[in-house]
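See below for the structure under consideration.
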Amino acid sequence: MSKRLLIRDLTLRDGQQSQFATRMTQAQVDRVLPYYRKAHFYAMEVWGGAVPDSVMRYLNESPWTRLESIRDGIAGSSKLTALSRGRNLFGYTPYPDSVIEGFCRNSVKSGIDIMRVFDALNDIDNMTSTIRFVKESGGTTDCAVCYTVDPKFTFGDRAKALLKGKKVPGMLFGIKYFVRKAKELAAAGADMITIKDMAGLIDPARSAELIKALKSEVGIPIDLHTHCTPGFGTASILMAMVGGVDIVDTAIMNFSGGPAAPAFEIIQMFADRLGIDTGVDKTAVGEINRELRGIRAELAKFDQYKRLPPEIDLADYQPSPELRSLFDGSVEAAVAGKTDEALRLCQAIEAAFNYPEPDAIVKRAQIPGGMYTNMMAQLKEYKLEQHLDEVLDIVPQVRLDAGVPPLVTPTSQIVGVQAVNCIVDKTQGKPFYTNVSKNFIELVKGSYGHTPFPIDPAFREKIAGVRDETPYDTSKYKKQDNPELADCGGQRLANNEKEELLLELFPSVADKFLHGCRKAEWEAMETIRIANLPPEPEETPLRYPAHFWEEELMLAIEG
């Protein structure tokens, strides 16, 4: 067991994205930065994910200003990290190297120290460009392997597949798979490896086994990133700590739990009992947590659970005897390798801190919470909510047909949408895959990269019109227009490379945002211009000599 544990704080990116729809304003972020500057987390995840899109779409703020203000406020006290989807960067479209290079270079220049790179298919070919450009720009590469589990097929499902001549995989996503991917990423230039468990599916036993294997076979730092959605998060991080993990990802208490990551405060109490040093200033964390409580109240309309944890400050916190016993017992169980007992006690700790109950549907269906929420919304749109169980039952089949992709954005949404489409087809008396989404076609075609399991060529031909995997051709990529705006004095929509990148990565959202920026700038310039115009000369009343009036009077008399 390592006596040193590095903490990556997720509060300002993943925390607010998971809990509050990424609605923290710049002013709210600014309020906590002085305390973060004193906290000395190893790293802070502050950018990427949904942040750039959301701050433009909902807050009318600049993503680059968000990043640079955090950089200036932290002043180097923690490394700043961002999340990027490899060749896709933020969306579904694979980008050419010119866009990836510009994004990586400007991200590092604006404050990113560590770029966490992942690919929804765990296709390393989709990650190599970002790895190269981040390193060339002076940044550190944190390469993530997306954690997932194998689809659950009953004996009947397997029998039906065999009768139809379809292959059903055995175990794809075992320990060997993740170790192999980590080794390949290390060889490709990764500076550290993250096991990225976006759905919170890694249970304590698997966490212990996987971290042990990675630490023994991969020679670079290992990070565990997980969530609390199905109830495993806290216990799985505890088991990783016992197994010698180098870094863990946490959120500060008021932004933790439920769909978010486990609380730093809970993990710190485990570390204290294990004699592990995190290097984090507990007093500063208490100050951050108090400020976040007020911010959470301000974000109440986006708070889906509205279950506040008790107010605690580790600088002077004294847990009750009952809670102290739970912490001591969970650590003892973890050290002894009793993973079931550790899980039971950790879930009791989570309940004591008023965490939402484990999500039984996510646990049973083994899908991310966001995927489930989107499928429900889609079913409601069709007024077919009663068919939810049928949708969940066919997710494994749709996933198999699509090459068994890990369920992480965007593949989780692609598979989820298609599963609903199939059930809609069924209710209308049509065969599955009558209604196929554009993104599902691209996934099956090969546009997003290599799938973990081969796609049946006949199925690919049926869906995409080609039998062979056909990668996306970036040579056909068309750069977004950057027009002159007649209503803004002829200014260009984007006036520098960073703004041009926003147009490339978020075309419709950035178009509206940047147009608003140019309009405001033009109006401000017009106001200044008008204010600086020289005053017009005052009109001087006409003055006529006295004899003029005499002559006029004589003419009037004579007339």
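With hydrogens and angles ignored, the 3.5 Å screen pairs a side-chain donor or acceptor of Q16 with a backbone N or O of L12. In this structure a side-chain-to-backbone donor-acceptor pair under 3.5 Å is present from R293 to P309. Using a distance-only test at 3.5 Å, with no hydrogens or angles considered, no donor-acceptor pair links the side chain of D481 to the main chain of P483. Using modelled atom types, no side-chain atom of N254 and backbone atom of L292 make a donor-acceptor pair closer than 3.5 Å. Within the 3.5 Å criterion, the main-chain N or O of K430 finds no donor-acceptor partner in the side chain of T434. Remark: the backbone N or O of V466 is not paired with any side-chain donor or acceptor of R460 at under 3.5 angstrom. No donor-acceptor pair under 3.5 Å is formed between the side chain of D9 and the backbone N or O of A43. Proximity of a side-chain donor or acceptor of Q378 to a complementary backbone N or O of V420 within less than 3.5 Å is not detected. The backbone N or O of I252 lies less than 3.5 Å from a partner atom in the side chain of T11, making a donor-acceptor pair. R492 places a side-chain N or O within donor-acceptor distance of the main-chain N or O of N482, the cut-off being under 3.5 Å.
Y42 OH to D249 CG: the interatomic distance, rounded to the nearest 0.5 Å, is 10.5 Å. Between the CD atom in E499 and the CD atom in E504 there is a gap of 13.0 Å [rounded to 0.5 Å]. I247 CD1 to D142 CG: the interatomic distance, rounded to the nearest 0.5 Å, is 7.0 Å.
Side-chain contact of T25 with R66: a donor-acceptor pair under 3.5 Å is absent, judged by distance alone. When only modelled atom types and interatomic distance are considered, Y177 and N122 share a side-chain donor-acceptor pair under 3.5 Å. Neither side chain, D359 nor Y372, offers a donor N or O lying under 3.5 Å from an acceptor on the other. There is no side-chain donor-acceptor pair under 3.5 Å between T140 and D191. E484 and Q491 form no side-chain donor-acceptor contact under 3.5 Å, judged by distance and modelled atom types alone.
Between L121 and P405 the shortest heavy-atom distance is CD2-CB, 3.5 Å. Contact detail for G138 and V108: the closest heavy-atom pair is C-CG1, 4.3 Å. When all heavy atoms of I131 and T141 are compared, the pair lying nearest together is O-CG2, 3.6 Å. Considering every non-hydrogen atom in both G403 and P452, the closest pair reads O-CD, 3.3 Å. Residues V417 and S437 come closest through the heavy atom pair CG1-CB, 4.4 Å. The shortest heavy-atom contact between K306 and R296 is N-NH2, 4.1 Å.
For residues 46-57, every residue pair satisfying the side chain to side chain donor-acceptor pair (under 3.5 Å) rule, not counting sequence neighbours, is listed here: D53-R57. Applying the side chain to side chain donor-acceptor pair (under 3.5 Å) test to pairs two or more places apart or on separate chains, those with a residue in residues 507-516 are D487-H515. Every pair passing ring pair (Phe, Tyr, Trp, His ring centres under 6.0 Å) that includes a residue from residues 409-442 is listed here, sequence neighbours excluded: Y433-F440, Y433-F459. Applying the salt bridge (Lys or Arg N to Asp or Glu O under 4.0 Å) test to residues at least two apart or on different chains, none of the pairs has a partner in residues 367-380.
Using a cut-off of 4.0 Å between Lys/Arg side-chain N and Asp/Glu carboxylate O, E497 and R105 are scored as salt-bridged. A salt bridge links E521 with R518: the closest approach of a Lys/Arg side-chain nitrogen to an acidic carboxylate oxygen falls below 4.0 angstrom. In summary, R8 and E45 do not engage in a salt bridge, as defined by a charged side-chain N under 4.0 Å from a carboxylate O. Ionic pairing of R31 and E298 is present here: one or more N-O contacts between side-chain nitrogen and carboxylate oxygen are shorter than 4.0 angstrom. At a threshold of 4.0 Å, the pair R87-D97 counts as salt-bridged, since one of the basic side-chain nitrogens sits closer than that to a carboxylate oxygen.
Residues forming a ring pair (Phe, Tyr, Trp, His ring centres under 6.0 Å) with Y95 (at least two apart in sequence, or on another chain): Y477. The side-chain contact (heavy atoms from CB on, under 4.5 Å) check on K498 picks up W64, E68, N106, S110, N496, with sequence neighbours excluded.
By the 4.5 Å heavy-atom criterion applied to side chains, V99 and L505 are counted as neighbours. The closest side-chain heavy-atom distance from T81 to R116 is not below 4.5 Å.
No more than 12 heavy atoms of other residues, nucleotides or ligands sit less than 6.0 Å from atom NZ of K426.
Taking the six-membered ring wherever Trp is involved, the centroid distance between the rings of F264 and F41 falls below 6.0 Å. Aromatic ring centroids of F103 and F133 lie 6.0 Å or more apart.
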